[in-house]
Amino acid sequence: MSFTAADHGFMARALQLAQRGLYTTTPNPRVGCVLVRDGKIIGEGWHERAGEPHAEVMALGKVGAGDTASTTLGATAYVTLEPCSHFGRTPPCAEALIAAGITRVVAAMQDPNPQVAGQGLARLAAAGVPNECGLLEGEAMELNIGFVSRMTRGRPWLRLKVAASLDGRTALKNGVSQWITSADARRDAHAWRARSCAVLTGIGTVKDDNPRLTVREVATSRQPLKVVIDSRLETPPEALVLEGGNVLIACAIDDAERRAALAARGVEIVVLPGARGKVDLPELMQELGRRSLNEVLVEAGSKLNGSLLRENCVDELLLYQAPLLLGDTARGMADFGELTDLAAVRRLHIVERRAIGADFFLRARFVRD
């Protein structure tokens with residue numbers, strides 16, 4: 001399959017448009033669309049939020065002031081995700097493109113949603129509309145990595161965010177950790193919060209730091225769900241994380257009195273008992289998938305971080321490192337038990353490095369066997 005330089009340029013523009021829905025489209029994917037006729041863009045759009053028109057329909061609506069079918073006749077549609085073929089909250093986009101007289105469709109990637117999964121492209125072909133798939137596929141996959149994860153694995157893409165010293169310590173021995181990294185680094189971390197469907201922490205962090213887990217450093221119209229892993233339902237009803245509601249607590253016991261106290265604060269509770277009185281973390285990942293969460297950001301302490309790593313729940317590490325040393329007595333990043341063989345280490349593939357003021361940011365993915 002051969003794509004021209006112009007094809008690449010128009011799809012790159014569609015990806016730029018899709019990026020505009022980074023904070024708002026959940027649980028839907030981020031999608032952009034560019035309509036081109038005679039080498040010129042005649043309409044473009046992106047999906048903004050669930051329940052509203054998809055990118056293709058938004059782009060069609062921007063074409064001229066006259067008859068859409070006549071002004072788009074013979075145009076090419078560049079879409080970052082295969083046009084849908086089913087009726088959901090909105091009508092199928094494949095049909096809208098056909099009705100508009102589009103004569104070529106270029107998609108960056110096939111939709112991993114089983115309700116689509118090639119059927120949108122097949123519908124276009126059946127209507128006599130040539131289509132191609134795979135242009136800038138890697139970039140499109142990255143933009144919707146959480147959606148792909150949920151559709152193919154039944155669970156969200158889990159990022160573990162850590163703020164640490166150069167010697168890998170996240171807090172002093174007494175638990176003090178505010179602030180290891182700079183305000184610039186914290187602002188960057190809030191952007192990761194904003195794009196996430198949920199922010200997940202543990203009862204230890206709730207007790208030690210009393211965090212809000214809200215997005216405050218970047219502009220967003222949507223706050224992520226706050227998820228607390230609290231095996232024994234020890235979250236204080238006055239904890240800041242409960243303010244404003246939108247909280248899910250995962251526990252391992254069914255204590256009616258404690259549940260009632262938290263329910264009075266608007267908390268939803270899910271009981272997922274695992275081994276040794278702890279929450280079943282892999283089952284929690286599946287539960288979050290069932291709740292249509294695409295991306296989850298973990299901001300927790302070394303114990304929960306270690307448990308998530310042991311259970312192979314973590315996909316990606318976001319590490320903010322400050323140019324300081326805390327020493328061997330300070331708390332580490334993740335307590336997943338003693339290793340006695342280097343063959344058992346957790347290996348990562350680094351995908352991004354950059355400086356943020358005086359701090360250093362590293363993004364890495366865990367290598368799966």
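Put simply, the side chain of E82 gets close to the backbone of G118: a donor and an acceptor are under 3.5 Å apart. Side-chain atoms of S196 do not come within 3.5 Å of backbone N or O of V199 as any donor-acceptor pair. A donor-acceptor pair under 3.5 Å links the side-chain atoms of D7 to the main chain of T4, judged by distance alone. Checked by atom type and distance alone, the side chain of N246 never pairs as donor or acceptor with a backbone atom of K226 at under 3.5 Å. For the pair D280 (side chain) and K278 (backbone), a donor-acceptor distance under 3.5 Å is absent. Between the T24 side chain and the E48 main chain, a donor and an acceptor come within less than 3.5 Å of each other. R155 places no side-chain N or O within 3.5 Å of a backbone atom of G289 that could act as its donor or acceptor partner. Side-chain atoms of R186 come within 3.5 Å of backbone N or O of T181 as a donor-acceptor pair. Between the side chain of R30 and the main chain of L143, a donor-acceptor pair closer than 3.5 Å is present. No donor-acceptor pair under 3.5 Å is formed between the side chain of D335 and the backbone N or O of S302.
Salt-bridge check for E234 with K207: passed, with a basic side-chain N closer than 4.0 Å to an acidic carboxylate O. For the pair E299 and R159, the salt-bridge criterion is not met [side-chain N within less than 4.0 Å of a carboxylate O]. Look at R368 and D315 and you find a salt bridge, because one of the NZ, NE, NH1 or NH2 atoms lies within 4.0 Å of a carboxylate O, short of that distance. Contact check on K62 versus E56 returns no salt bridge, with no Lys/Arg side-chain nitrogen under 4.0 Å from an Asp/Glu carboxylate oxygen. In this structure, E132 pairs ionically with R104, as a charged nitrogen and a carboxylate oxygen lie closer than 4.0 Å. The pair R291-E268 counts as a salt bridge, with a side-chain nitrogen and a carboxylate oxygen less than 4.0 angstrom apart.
Residues M11 and T80 form a side-chain contact, since some pair of their non-hydrogen atoms from C-beta on lies under 4.5 Å apart. Inter-residue side-chain proximity for L200 and L304 is flagged as met; some heavy-atom pair is nearer than 4.5 Å. Two residues are said to be in side-chain contact when any heavy atoms from C-beta on lie closer than 4.5 Å; I249 and V270 fail this criterion. Side-chain contact check for C251 versus I269: some heavy-atom pair is nearer than 4.5 Å. Contact annotation: the side chain of H349 approaches that of V351 to within less than 4.5 Å [non-hydrogen atoms, C-beta and beyond]. Looking only at side-chain heavy atoms (C-beta outward), V298 and V314 stay at 4.5 Å or farther from each other. A heavy-atom distance below 4.5 Å is not found between the side chains of R150 and V148. Using a 4.5 Å cut-off on side-chain heavy atoms (C-beta onward), P112 and L81 make contact.
Taking the six-membered ring for Trp and thresholds of 30 and 60 degrees, H8 and F3 have ring planes more than 60 degrees apart, a perpendicular arrangement. Below 30°, between 30° and 60°, or above 60°: for H54 and H47 the angle between ring planes is above 60°, a perpendicular geometry.
More than 12 heavy atoms of other shown residues, nucleotides or ligands fall within 6.0 angstrom of atom CZ in R216. Heavy-atom neighbours of E238 CD from other residues, nucleotides or ligands within 6.0 Å: above the threshold of 12. For CZ of R354, the number of neighbouring non-hydrogen atoms (other residues, nucleotides, ligands) closer than 6.0 Å is greater than 12.
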- Step-by-step side chain to side chain contact (heavy atoms under 4.5 Å, CB included) determination, L160 to L318: CA-CA 6 Å; L160 180 64; L318 307 179; over 6 Å; no
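Grouping the Ile, Leu, Val, Met, Phe, Trp and Tyr side chains by contacts below 4.5 angstrom, directly or via other members, places V34 with L135. Both V247 and L262 belong to a single network of hydrophobic side chains, linked directly or stepwise wherever heavy atoms of I, L, V, M, F, W or Y lie under 4.5 Å apart. L281 and F336 fall within a single hydrophobic cluster, where Ile, Leu, Val, Met, Phe, Trp and Tyr side chains are chained together by heavy-atom contacts under 4.5 Å.
When only modelled atom types and interatomic distance are considered, N28 and T25 share no side-chain donor-acceptor pair under 3.5 Å. Using modelled atom types, one finds a donor on one side chain and an acceptor on the other under 3.5 Å when comparing S149 with R153. D184 and S182 share no donor-acceptor pair across their side chains, judged by distance under 3.5 Å alone. Remark: the T220 side chain and the R222 side chain contain no N/O donor-acceptor pair separated by less than 3.5 Å.
With a 6.0 Å cutoff to the six-membered ring centre and a 45° limit on the axis angle, R353 does not count as a cation-pi contact of F361.
Interatomic distance, I180 CD1 to L326 CG, rounded to the nearest 0.5 Å: 5.0 Å.
Evaluated for a side-chain contact (heavy atoms from CB on, under 4.5 Å) with R259, the options V267, D254, I253 yield exactly one hit, D254.
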